[in-house]
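None of the values given here were measured: they were computed from a predicted structure. First listed ligand is number 1; within each ligand, the first listed atom is number 1. If you read the sequence from its start, that first residue is 1, and numbering goes on from there.
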Amino acid sequence: MTELSTVTEAKAKTVPTLPDATTVLEVKHWNDRLFSFKVERPQSLRFRSGEFVMIGLMGDVNPKTGKAKPLLRAYSIASPNWEEHLEFYSIKVPDGPLTSRLQHIKPGDQIILRPKPVGTLVVDALLPGKRLWFFATGTGIAPFASLMREPEVYEKYDEVILMHTCREVSELEYGRQLVEHIKSDEILSEIEDGKLRYYPTTTREEFHHMGRVTDNLKSGKVFEDLGIAPINPETDRGMVCGNLAFNKDIMAILDGFGLREGANSEPKEYVVEKAFVD
Ligand SMILES: Cc1cc2nc3c(=O)[nH]c(=O)nc-3n(C[C@H](O)[C@H](O)[C@H](O)COP(=O)(O)OP(=O)(O)OC[C@H]3O[C@@H](n4cnc5c(N)ncnc54)[C@H](O)[C@@H]3O)c2cc1C
Ligand SMILES: NC(=O)c1ccc[n+]([C@@H]2O[C@H](COP(=O)([O-])OP(=O)(O)OC[C@H]3O[C@@H](n4cnc5c(N)ncnc54)[C@H](OP(=O)(O)O)[C@@H]3O)[C@@H](O)[C@H]2O)c1
């Protein structure tokens with residue numbers, strides 16, 4: 001064995017390389033349950049705003065095989081497709097296999113990112129319309145954080161309404177700051193052109209707008225508060241991202257307004273994706 005190969009092997013042992021590794025650039029903790037982070041975007045990664053990818057860390061070494069497998073989970077890309085870096089918005093599940101560890105990442109660390117973006121929450125999966133609704137609960141806002149910064153959204157719609165419901169006020173902060181940034185940033189505000197409307201609500205902490213999105217749609221409160229006509233299949237399009245029960249309830253409401261669920265292969269009036277698997 002040459003001296004050179006010994007050095008190379010020693011290096012390989014001390015600096016393990018992850019498959020499809022990318023480097024963490026920035027981490028922000030929003031409260032004890034939520035954090036967001038930015039990573040380097042692999043040069044070859046192309047995606048449509050609203051899509052998700054698999055990300056993760058190496059799992060523990062299996063004592064039987066002596067090998068470790070990647071521990072991967074689906075994550076919506078929260079940044080738009082034109083952004084140089086990739087951004088993610090994440091829950092911290094206390095005993096969650098991935099997030100109990102992922103919540104401790106720091107700038108300079110590496111994570112795994114499988115470069116195969118997919119998903120139904122994309123502009124192309126909807127028929128043309130005038131008004132686009134984003135219905136989100138909890139971390140379900142992540143795909144809309146991407147789409148809210150997507151120029152095509154504002155080229156295709158006259159009005160874009162983000163409805164975000166969380167249990168507590170602090171869980172709304174990521175979305176609130178993003179909307180504020182879009183409205184104040186010189187370039188983004190020109191793209192948004194006054195079309196983005198924001199309707200946040202809480203369900204378990206006092207706030208100026210309260211109640212489940214579903215209840216506020218059924219009662220008509222949303223339309224009254226925003227001063228707009230009710231949802232109409234001729235003009236309105238929807239994108240839904242929340243827990244399974246929420247998705248089902250919103251779908252029943254949208255069906256009731258005469259909208260139909262579409263897909264990439266068959267665009268219709270609304271599309272749905274799970275924010276997590278129960
Ligand atoms: C298409 C898709 C996109 C997703 N995008 C995101 C995203 O952008 N951000 C994100 O944080 N998660 C997202 N998830 C969920 C994510 O894949 C993981 O479940 C999450 O990171 C927790 O991983 P874990 O291994 O720690 O726990 P898991 O074993 O995966 O989950 C344990 C339990 O925690 C709860 N849980 C998991 N994720 C969430 C969540 N996001 N909000 C509330 N409760 C949750 C559920 O009850 C689940 O059964 C997405 C899931 C799907 C299917
Ligand atoms: N968020 C927290 O503070 C908290 C704290 C500890 C543990 N957890 C656990 O973490 C998991 C996820 O919690 P989460 O708060 O992120 O997500 P979540 O349970 O999906 O709730 C997010 C928001 O969606 C609303 N919602 C839930 N189901 C709905 C439906 N069918 N129709 C309309 N609105 C609906 C909730 O309202 P309601 O409040 O009316 O349900 C809440 O405002 C849960 O298993 C929970 O037990 C959460």
Side-chain angles (χ1 to χ4, degrees), residues 27 29-39 47 49-60 69-79 86-105 111-114 116-122 135-147 163-175 178 199-207 209-219 221-222 239-254 271-278:
V27 183
H29 292 269
W30 296 88
N31 62 19
D32 60 353
R33 296 191 67 243
L34 295 164
F35 69 114
S36 58
F37 56 97
K38 292 178 183 169
V39 301
F47 67 99
S49 295
E51 287 187 316
F52 67 90
V53 284
M54 303 300 291
I55 65 168
L57 297 169
M58 278 314 269
D60 293 330
K69 275 196 203 151
L71 175 57
L72 301 170
R73 293 286 185 270
Y75 268 81
S76 296
I77 302 174
S79 44
L86 298 175
E87 177 186 331
F88 298 97
Y89 179 54
S90 179
I91 191 84
K92 304 176 193 176
V93 181
D95 50 2
L98 179 65
T99 56
S100 59
R101 292 176 50 204
L102 192 68
Q103 61 179 286
H104 300 297
I105 53 168
I111 67 160
I112 302 167
L113 187 146
R114 290 276 191 255
K116 291 204 175 68
V118 287
T120 54
L121 301 180
V122 291
F135 300 105
T137 58
T139 59
I141 193 175
F144 306 134
S146 170
L147 284 156
M163 300 198 65
H164 188 206
T165 299
C166 294
R167 296 176 180 206
E168 295 161 14
V169 179
S170 70
E171 296 170 284
L172 292 169
E173 193 55 16
Y174 173 78
L178 182 58
Y199 193 99
T201 61
T202 56
T203 48
R204 304 197 192 189
E205 189 183 359
E206 203 59 42
F207 188 57
H209 276 112
M210 292 192 70
R212 287 181 158 198
V213 175
T214 41
D215 294 338
N216 291 335
L217 280 171
K218 280 191 278 190
S219 68
K221 185 175 185 320
V222 171
M239 292 191 178
V240 183
C241 191
N243 74 41
L244 188 60
F246 169 78
N247 287 1
K248 280 189 180 159
D249 291 349
I250 285 273
M251 286 168 75
I253 292 170
L254 296 180
V271 279
V272 183
E273 201 139 77
K274 281 197 281 277
F276 59 91
V277 182
D278 280 304

Where L102 and S90 come nearest, the two heavy atoms and their spacing
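In terms of heavy atoms, the two residues are closest at CD2-OG, 4.5 Å.
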
Please name the pair of heavy atoms, one in P70 and one in I112, separated by the smallest distance, quoted to 0.1 Å.
CB-CD1, 3.7 Å

At a 4.0 angstrom heavy-atom cut-off, what protein residues surround ligand 1?
F52, R73, A74, Y75, S76, Y89, S90, I91, V93, G96, P97, L98, T99, T139, A142, K274, A275, F276, V277, D278

Run through ligand 2 for me and note each protein residue having a heavy atom under 4.0 Å from it, chain first, then residue number.
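Only R33, T137, T165, C166, R167, E168, E171, T203, R204, R212, T214, N243, A245, F246, D249 have heavy atoms that fall under 4.0 Å of ligand 2, ordered by chain and number.
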
Distance-only donor-acceptor check, side chains S170 and W30, under 3.5 Å
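No.
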
Can K221 and Y199 be said to form a side-chain contact (heavy atoms from CB on, under 4.5 Å), step by step?
CA-CA 11 Å; K221 185 175 185 320; Y199 193 99; 3.9 Å; yes

Within this structure, what is the CE-OG1 distance for the pair M163 and T201, rounded to the nearest 0.5 Å?
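It comes to 6.5 Å.
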
Sub-4.5 Å side-chain heavy-atom contact between [X] and [Y]:
X    : Y    : answer
V240 : L254 : yes
I77  : S146 : no
I253 : F135 : no
R33  : E168 : no

